[in-house]
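Residue numbers begin at 1 in each chain, while the letters A, B, ... track the order of the sequences. Owing to the predicted nature of the structure, the values given are computational and were not obtained by experimental measurement.
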Amino acid sequence: MLDIQQLRTQLDTVADGLAKRGKPIDFSEFKTLEAERKTLQTRTQELQAQRNSLSKQIGMLKGQGKDASEVMAQVGTLGDELKASEVRLAELLEQFNAILAALPNLPADDVPVGEDEAGNVEIKRWGTPRVFDFPVKDHTDVGEALGQLDFATAAKIAGSRFSLLKGGLARMHRALAQFMLDTHAVDHGYTELYAPYLVNAASLQGTGQLPKFEEDLFKVLRGEQDPLYLIPTAEVPVTNIVRDEILAAEALPLKFVCHTPCFRSEAGSGGRDVRGMIRQHQFDKVELVQIVHPEQSTVAHEELTRQAEVILEKLALPYRRVLLCTGDMGFSAAKTYDLEVWLPAQNTYREISSCSNFAAFQARRMQARFRNDKNKPELCHTLNGSGLAVGRTLVAILENYQQADGSVTVPSVLRPYMGGLESLQPL
RNA sequence: GGAGAGGUGGCAGAGUGGUCGAAUGUACCUGAUUCGAAAUCAGGCGUACUGCAAGGUACCGAGGGUUCGAAUCCCUCCCUCUCCGCCA
């Protein structure tokens, strides 16, 4: 959510910033509504003040046992205009909210302007892609040859875009999550959380998935009761911890790490990445979330991204860091780094982590504040990043660590989590 | 799933139609007292919008309704607690 004050006072600046995202937004409706709002709001409050004071008089007169009919007649004349003003004002405010809730965040100043992923800027590369002396298989072929990755059975059980892992591969999946959690909780100082996988609509509003992106979510209907939604990322339950809170300044920064499954309907992604476990309805992710003082968010963003990179380096997986351009950034983000891991079968880097600074955008939606130097409530800044997507990490290991005989070497940092197992062998 | 009781300021807790944005206690902040502290005394102490200011407006779980007037009455939803049943 953008600051409505900023829209009122610097509409052109806001419009310019949003235009950089690619689709210029028409603010003529906003201007029309705003012109009406100011006078209507003043007038409504004036009428309310009159009504309140007259009503008080009625109370006083009646309390003294006097006749109040004259004053009651007087307040009666206000009735129609007041009612009409209140109704119209409520309509206007609702329209403002709808406009505001649908506007994406302003890109940070140092975000490159571009239309799509072609405009992204590579920041760094780490690691050297391995040279194979045998034909490289993609992760689906490697996993199925091991007999430990079974899409056909998953499709029977649930449908397309689900996977069934078995044996050592299932264990490696678990080991990855444990390894990531330990690294962030112990080495990086994050507080580990276990959080709900189903959330209410208010939480999804808070982080920005609703109202615009409902079709991306799995919705659980419960008869008369309010629906719940399966979380698309741990960002939702974790960031909403501070929704409607006013924190003490000393409480910041908050740093949370949380491993959850993530559920995405993948509506509109038809045909993309249908093979393999790159794009699934259900995948696990270890998520990093920080709630920080506004002056700290830029530094925190670098720190958090670096902490995600550490996981890739410990796993010895080659990757690159990319700064997303204005046209490729997510709805709520002010600035985003993607980490892309090397996938030899595709001969390219693929996204495995997305680390974003949301500035005050989410905090304003969810009214997450802290008491500043002047003891006044001020919006926090929020950040999050994958550290990392577990399923895609498993994909990267299958491809990068495959051997000519069909086995897959277990990265050394994972071995303590797998009973010392050094290699996945066909079942 | 059945039966019942509740949601008021950081916390506790009063308030069942009118001078209530809300008593009181406690916590917290400032000052006085003190060598210092405790105790005591005085003042302050929710959020947001609006106004140069004085002030005005909204908010008593959320939304709607009745009324000249709603924390208080009515409806829907959300949440909490107690007992019974079921359950990993």
What donor-acceptor contacts under 3.5 angstrom involve side-chain atoms of residues 177-184 of chain A, with partners at least two apart or in another chain?
| unit_1 | atom_1 | unit_2 | atom_2 | d |
| --- | --- | --- | --- | --- |
| A:Asp182 | OD2 | A:Tyr417 | OH | 2.7 |
| A:Thr183 | OG1 | A:Phe179 | O | 2.8 |
| A:His184 | ND1 | A:His188 | ND1 | 3.0 |
| A:His184 | NE2 | A:Gly387 | O | 2.8 |

Show which side-chain atoms of residues 242-250 of chain A pair as donor or acceptor with protein atoms under 3.5 Å away, not counting sequence neighbours.
| unit_1 | atom_1 | unit_2 | atom_2 | d |
| --- | --- | --- | --- | --- |
| A:Arg243 | NE | A:Asn240 | OD1 | 2.8 |
| A:Arg243 | NH2 | A:Ser203 | OG | 2.9 |

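Within the structure, salt bridge (charged side-chain N to carboxylate O under 4.0 Å, His left out) pairs that include any residue of residues 195-208 of chain A do not occur (at least two apart or interchain). For residues 361-391 of chain A, the ring-ring contact (aromatic ring centres under 6.0 Å, His included) pairs, not counting sequence neighbours, are A:His293-A:Phe370, A:Phe331-A:Phe361. Among pairs with a residue in residues 7-16 of chain A, those fulfilling salt bridge (charged side-chain N to carboxylate O under 4.0 Å, His left out) read A:Arg8-A:Glu34, at least two apart in sequence or across chains. Pairs of residues two or more places apart, or lying in two chains, that qualify as salt bridge (charged side-chain N to carboxylate O under 4.0 Å, His left out) and include a residue from residues 140-151 of chain A are A:Asp141-A:Arg275, A:Asp150-A:Lys166.
The pairing partner recorded for B:C35 is none, the criterion being a Watson-Crick or G-U wobble arrangement whose two distances lie under 3.5 angstrom. When Watson-Crick and G-U wobble pairs are counted only if both distances are under 3.5 Å, B:G6 pairs with B:C79. B:A48 is paired with B:U57 under the Watson-Crick or G-U wobble criterion, all donor-acceptor distances under 3.5 Å. Remark: B:U30 base-pairs with B:A42. Criterion, Watson-Crick or G-U wobble with two distances under 3.5 Å. With a cut-off of 3.5 Å on both Watson-Crick or G-U wobble distances, the partner of B:G17 is given as none. Pair check for B:G69 finds none; no Watson-Crick or G-U wobble contact set falls under 3.5 Å. Within the shown strands, nothing qualifies as a pairing partner of B:G85 under the Watson-Crick or G-U definition with both distances less than 3.5 Å.
No side-chain donor-acceptor contact under 3.5 Å links A:Ser356 to the backbone of A:Asn384. Checking side-chain atoms of A:Gln402 against main-chain N and O of A:Glu399 turns up a donor-acceptor pair under 3.5 Å. Judged by distance alone, with hydrogens and angles left aside, the side-chain atoms of A:Glu117 form no donor-acceptor pair with the main-chain N or O of A:Asp328 at under 3.5 Å.
Residue order along RNA chain B, read from the 5' end via each residue's closest nucleotide, puts A:Met60 first among A:Met60 and A:Thr42. Checking A:Gln41 against A:Glu46, the closest nucleotide of RNA chain B that is more toward the 5' end is the one next to A:Gln41.
Separation of the C1' atoms belonging to B:A71 and B:U8 is 7 Å when rounded to the nearest angstrom. Taking the C1' atoms as reference points, B:G56 lies 27 Å from B:G65, given to the whole Å. Taking atom P in both B:A42 and B:G6, the straight-line distance is 37 Å, to the nearest Å. Spacing of C1' atoms, B:A48 relative to B:G9, comes out at 15 Å, to the nearest Å. If you take atom P in B:C78 and the same atom in B:U30, they sit 45 Å apart, rounded to whole Å. Annotation: B:C28 and B:G85 have their C1' atoms spaced 47 Å apart (nearest Å). Atom name C1', nucleotides B:G15 and B:G21: the rounded distance is 13 Å, in whole Å. Between B:C74 and B:A88, the two P atoms lie 41 Å apart (nearest whole Å).
In this model, a donor atom of one side chain and an acceptor atom of the other lie less than 3.5 Å apart for A:Asp338 and A:Ser354. For the residue pair A:Gln362 / A:Thr382, a side-chain donor-acceptor distance below 3.5 Å is found, with atom types taken as modelled. For the residue pair A:Gln290/A:Gln296, the side-chain donor-acceptor check at 3.5 Å is not satisfied.
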(request) Apply salt bridge (charged side-chain N to carboxylate O under 4.0 Å, His left out) to A:Glu266 and A:Arg272, showing your working. (result) CA-CA 10 Å; A:Glu266 295 297 343; A:Arg272 292 179 62 197; over 6 Å; no
(request) Apply salt bridge (charged side-chain N to carboxylate O under 4.0 Å, His left out) to A:Glu115 and A:Arg21, showing your working. (result) CA-CA 7 Å; A:Glu115 281 181 26; A:Arg21 280 178 170 268; over 6 Å; no
Listed pairs, N/O of protein and of nucleotides 6-11 of chain B, under 3.5 Å:
none

What's touching nucleotides 63-71 of chain B from the protein side, N or O pairs under 3.5 Å?
| unit_1 | atom_1 | unit_2 | atom_2 | d |
| --- | --- | --- | --- | --- |
| B:C68 | O2' | A:Ser55 | OG | 3.3 |
| B:G69 | O4' | A:Ser55 | OG | 3.3 |

Sort me out a list of protein N/O and nucleotides 20-22 of chain B N/O pairs below 3.5 Å, or just none if empty.
| unit_1 | atom_1 | unit_2 | atom_2 | d |
| --- | --- | --- | --- | --- |
| B:G21 | OP1 | A:Lys56 | NZ | 3.4 |

Contact list (N/O, under 3.5 angstrom) for nucleotides 72-79 of chain B vs protein:
| unit_1 | atom_1 | unit_2 | atom_2 | d |
| --- | --- | --- | --- | --- |
| B:C78 | OP1 | A:Asp226 | N | 3.4 |

What does the list of N/O pairs under 3.5 Å between the protein and nucleotides 43-46 of chain B look like, with a distance for each?
none

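Here A:Tyr194 and A:His259 keep their ring centres 6.0 angstrom or further from each other. A:Phe30 has its ring centre less than 6.0 Å from the ring centre of A:Phe96.
Look at A:Arg8 and you'll find a side-chain N or O under 4.0 angstrom from OP1 or OP2 of B:U50.
Following rounding to the nearest Å, A:Gln48 (CD) and B:G55 (P) show an atom-to-atom distance of 19 Å. The nearest whole Å value for the distance from the CD atom in A:Glu34 to the C1' atom in B:C49 is 13 Å.
Using a 4.0 Å heavy-atom cutoff across all strands shown, A:Gln57 reaches no nucleic acid atom at all. Within 4.0 Å (heavy atoms only), A:Glu86 reaches no atom of the nucleic acid at all. No contact: A:Arg43 has no heavy atom under 4.0 Å from any strand.
Salt bridge A:Glu378/A:Arg371: absent, no basic N to carboxylate O contact under 4.0 Å.
Residues that satisfy the salt bridge (charged side-chain N to carboxylate O under 4.0 Å, His left out) test with A:Asp116, not counting sequence neighbours, are absent from this structure.
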